[in-house]
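Shown next, in structure tokens, is the structure this report addresses.
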Amino acid sequence: MTDKTDESSAAHENPTGAEPSAGAPQVPAPVRRTGAAAAALGLVVRRLRQPLPGAQPRLRFEMPPEYSHQDNKAAGVSGEVEPQFGDPGPRMSPQHPLYMGFMGTVGVGLALLVYWIGSNTTQLLLWIVAALFISLGLEPVVGWLESRKIPRPAGILVSVTVLVSAVVGFFATLIPTIVEQVTEIVQQAPVWVRDFIDSDFFRSLDDQFGVRDRITEELDKFVNDPAAVGGIFGGVVTFGSTVANGLFGTLIVLVLSLYFLAALPAMKKWGYRLAPRSRRDRVEALSEEITRSVGNYVIGQACVALLNATFAFIVMSIVGVPFALLLAFVVALLAFIPLVGGLIAGVLVVLIALTEGWQTATIYAICYFAYLQFEAYFISPRIMQKAVAVPGAVAVISVIAGGSVLGVLGALIAIPTAAAVLLLIREIYIVRQDKH
């Protein structure tokens, strides 16, 4: 019986019935089964990677090839590359009346079209500008990760994840605090009203002017007025739509930033190809310098704002300013605005600290404004030394002008824009003027 069992086991392990060779190593059965499973899994993966029958490759918008004179000489072609669809006809003379009238009409029409599109898509243009600003700011981080052998998609994912986490952390801190304070106000409001009515000051006013009867009369009119009730409902709806639009805009900006970061090299390449080939190298050098300056400015200003908010949070926690974490987020946002953001943040926190006493507000004001001086002379110059260099008067004027035109976003992008304009003036206009 034992011999038959051994024979059946051997037949199961060697289903082919072939005799194993004397010199071949004996592979254990579990190892053979594992190898067979791995081979089957590999076959399934290869089958899944093969295209479906009749499927076509996905179309991609590719960059047209760039030909040069060396390529033409190597191909045995003199001059430019022959067009694929025949030779173009002779160009019409720019002095021809028909040409001048048609092109003038087309120019006016295009200008009106651009104005109409810009006036009707202002919000979308602001979202695009904000997304470009964010993508240019995150590009140095992505480039640094790429230099550390991290693939660009992974670097983009890490950068955007950090940005989204910061935004979510801000709202996660802001919303519970607002709900808590509103609930406290609603609970304490009846007590405040009752104490005010029972005070001697209100009683004297009521005896002289009949304030109680007047308030009751006005409340009755307000409750019985449908327009007033409709105004309250309309205000609630307007506030809700504003919050929804803000959340939707934030989502759109984040998605556009992700797409811009992924396509930024291709966008630059396309932009450089729009310039004439004789000036393409200079256009590329100027554009790279501008984008590098913008990226370094955003990263540097973010570091300055983070240090500012950290110091403010430590001081607020020590001296006992209420809502220290929420105010630290506010300080970080305001400190991101150059020149005036830190000052506004300091004044705002000092006013809130006055609710705890003038001693708390004084200590915080001394510490924070002393830090602003230290930041202006020691921290900011070292962090921003690789960013933009803009004269102080130009920086102040550009921040005020940007804030007047585009609000907070305009104040944020004002200094990089001023730096780009100064660079173009120095490298193009002044160089051209020096040659005359």
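Please read all numbers here as calculations on a predicted model, not as lab measurements. In what follows, every heavy atom counts, from backbone to side chain, and hydrogens, waters and symmetry copies are set aside.
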Hey, what do you get for [atom1] ([X]) to [atom2] ([Y]), rounding to the nearest 0.5 Å?
{"X": "F248", "Y": "T250", "atom1": "CZ", "atom2": "OG1", "value": "10.5 Å"}
{"X": "N120", "Y": "W116", "atom1": "CG", "atom2": "CH2", "value": "5.0 Å"}
{"X": "I252", "Y": "I128", "atom1": "CD1", "atom2": "CD1", "value": "10.5 Å"}
{"X": "L110", "Y": "M103", "atom1": "CG", "atom2": "CE", "value": "8.5 Å"}
{"X": "L163", "Y": "S257", "atom1": "CG", "atom2": "OG", "value": "7.0 Å"}
{"X": "W127", "Y": "L256", "atom1": "CH2", "atom2": "CG", "value": "9.0 Å"}

Would you check if [X] and [Y] make a side-chain contact, meaning some heavy-atom pair closer than 4.5 Å?
{"X": "F313", "Y": "L325", "value": "yes"}
{"X": "Y364", "Y": "V349", "value": "yes"}
{"X": "E139", "Y": "L264", "value": "yes"}
{"X": "Y259", "Y": "S135", "value": "no"}
{"X": "N308", "Y": "L372", "value": "yes"}
{"X": "L307", "Y": "Y371", "value": "yes"}
{"X": "L424", "Y": "Y429", "value": "no"}

What is the minimum heavy-atom distance between [X] and [Y], and which atoms define it?
{"X": "P322", "Y": "T355", "value": "CG-OG1, 4.2 Å"}
{"X": "A275", "Y": "V283", "value": "CB-CG2, 3.9 Å"}
{"X": "F369", "Y": "V347", "value": "CZ-N, 4.2 Å"}
{"X": "I430", "Y": "R426", "value": "CB-O, 3.7 Å"}
{"X": "G137", "Y": "I299", "value": "O-CD1, 3.0 Å"}
{"X": "P265", "Y": "R152", "value": "CD-NH2, 3.6 Å"}

* Test applied, side-chain contact (heavy atoms from CB on, under 4.5 Å); reference residue, T161; option that passes from V164, L157, V158 ->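 The passing option is L157.
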For [X], I'd like to know if atom [atom1] has over 12 heavy atoms of other residues, nucleotides or ligands within 6.0 Å.
{"X": "R282", "atom1": "CZ", "value": "yes"}
{"X": "R432", "atom1": "CZ", "value": "no"}
{"X": "M267", "atom1": "CE", "value": "yes"}

* Which residues satisfy the side chain to side chain contact (heavy atoms under 4.5 Å, CB included) test with I314, sequence neighbours excluded? ->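 Side chain to side chain contact (heavy atoms under 4.5 Å, CB included) list for I314, sorted by chain: T310, I318.
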* Among all residues two or more places apart in sequence or in another chain, which pass the side chain to side chain contact (heavy atoms under 4.5 Å, CB included) test with S159? ->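 Once residues adjacent in sequence are excluded, the partners of S159 under the side chain to side chain contact (heavy atoms under 4.5 Å, CB included) criterion are L138, V141, V142, L145.
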* Looking at E284 and K268, does any basic side-chain N land under 4.0 Å from a carboxylate oxygen? ->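 Salt bridge flag = no for K268 with E284.
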* Could you check V331 against Y368 for side-chain contact (heavy atoms from CB on, under 4.5 Å), going step by step and ending with a plain yes or no? => CA-CA 11 Å; V331 169; Y368 183 78; 3.9 Å; yes
* **No-hydrogen, no-angle side-chain donor-acceptor test under 3.5 Å, Y272 and D281** =>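 Absent: no donor and acceptor within the cut-off.
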